[in-house]
Amino acid sequence: MSCCPINDIYDYIEGRLPAGRRQEMEGHLKVCPKCRRAAEERRHIAAAASSLPSLEVPADFTDRVMSRIGAAEARFPVWLIILASLSSLLALGSVALIASGENLMGITLGASHSLWEYAKSAAVLTAKVVTLLSLTGKTIQSLLLSAAKGLSMADSLISPALLAVLLGLMTVLVVSLALAARKKISLGDEP
Amino acid sequence: MNEDQDQVLVRRTLRGDRKAFEMIVRKYQQPLLNYVGRMVGERELALDFTQDVFVRAYASLRSFEPRYKFSTWLYKIASNLVIDHWRKKRLPTYSLSGTRDEDGDQLAIDVPTEEPGVSRTFELAEMRKRIETALEKLPGPLRELFVWRHINELSYEEMAEIKGLPVGTIKNRVFQAKEMVRRILEEMS
């Protein structure tokens, strides 16, 4: 046989040559120092490569991996939380519906009817409050205008000194009435 | 621990048994670190990447198909991480299935008449050191195959499964890697 292809030398070293080819190769290696040397060299390199030292794994490596896995598991995405909440609400609602014995259509119609009634009452109440406020405003305005007219007429008929005395008397009267009313109220409160 | 036991551990993990996955980590942390360490060069980075392999494996365990070997599935995850790293660092990567016939053809020729010997020059310990240095000079994809073959002791069939390539292509590339290491050692001597 002629000299060996390098592919065959590798296959021979790794024991992957078919039996016939291997015997042929072994016969050749006995008589060919060049191929024998080439095979020995590659075998030596392969042996050294296969015995390269392992890299040192830290003692806490497994714990670190497991804690990272735990942390990753603890982080739930927001969409999952929302989905879980909605599902829980739906489940609770279903349980309440079944427990109440009502049917879903009846509850839905009842709820919508109540809502309509509440809306109507609120609208009427709002309209009444607006009307009342408007009337109160108009009344206060008329009273203030009448008082102003009366004062201007009194001012033209009575002297300023007498007007001042009259205003003072009126003030005293109003204060006395207010105090009397307060006393009446407080007496009524006593046991 | 054989492949069947791996499958049992995977099933237990999927049922929520974290101890089972811990056993998987303990079993594969050393071989994976040996591989990743030689691929990325830096120890701390290698430790981080090896952790990432397990975290990714745990997260996608449901997608693991039991008809494949669990170990090759782990190496595939690790290999993808390493390739991503090479791309980010803009290190040269090339397809193993691509045409590099000029190198492949050299393996089919006979042993050259004047082939300088290298192995006899060094003692085993020195040879190991020089092989580590030679590995750093090897292109990444060939280094990966060399490490899988010699350090992780994967079969050509397993490597073919990981890389999704025919066994013949993988075998050819492994021989190519071995010859390249030998040539680098030759230059160093």
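Letters go in sequence order (proteins before strands), and every chain restarts at 1. The figures that follow rest on heavy atoms only: side chains count, while hydrogens, waters and symmetry mates do not.
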Ion pair Arg42(A)/Glu179(B), N-O distance below 4.0 Å
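Salt bridge between Arg42(A) and Glu179(B), a charged N being under 4.0 Å from a carboxylate O: yes.
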
Quick check: does any side chain N or O of Arg18(B) sit under 3.5 Å from a backbone N or O of Met66(A), one acting as donor and the other as acceptor?
yes

Is there a donor-acceptor contact under 3.5 Å from the side chain of Arg43(B) to the main chain of Glu56(A)?
yes

Please state whether the side chain, the backbone, both or neither of [X] comes within less than 4.5 Å of a heavy atom of chain A.
{"X": "Leu135(B)", "result": "side chain"}
{"X": "Ile131(B)", "result": "side chain"}
{"X": "Arg149(B)", "result": "side chain"}

For chain A, the option from Asp52(B), Leu124(B), Asn34(B), Val174(B) that forms the most heavy-atom pairs under 4.5 Å:
Asn34(B)

Around atom CD of Glu117(A), are there more than 12 heavy atoms from other residues, nucleotides or ligands closer than 6.0 Å?
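More than 12 heavy atoms, drawn from other residues, nucleotides or ligands, come within 6.0 Å of this atom.
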
Give, for atom CG of Asn172(B) and atom CG of Asn7(A), the distance between the pair rounded to the nearest 0.5 Å.
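One gets 6.0 Å once the value is rounded to the nearest 0.5 Å.
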
Which residues, numbered in order, of residues 150-157 of chain B come under 4.5 angstrom of chain A by heavy-atom distance?
His150(B), Ile151(B), Tyr156(B), Glu157(B)

Is any side-chain heavy atom of Arg38(B) closer than 4.5 Å to one of Leu55(A)?
yes

Is any side-chain heavy atom of Gln29(B) less than 4.5 Å from a side-chain heavy atom of Val65(A)?
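No, too far: nothing below the 4.5 Å cut-off.
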
Pick one of side chain, backbone, both or neither for Glu14(A), based on which atoms fall under 4.5 Å of a heavy atom in chain B.
side chain

Given heavy-atom pairs under 4.5 angstrom as the criterion, report whether the side chain, backbone, both or neither of Arg43(A) touches chain B.
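The answer is neither part of Arg43(A).
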
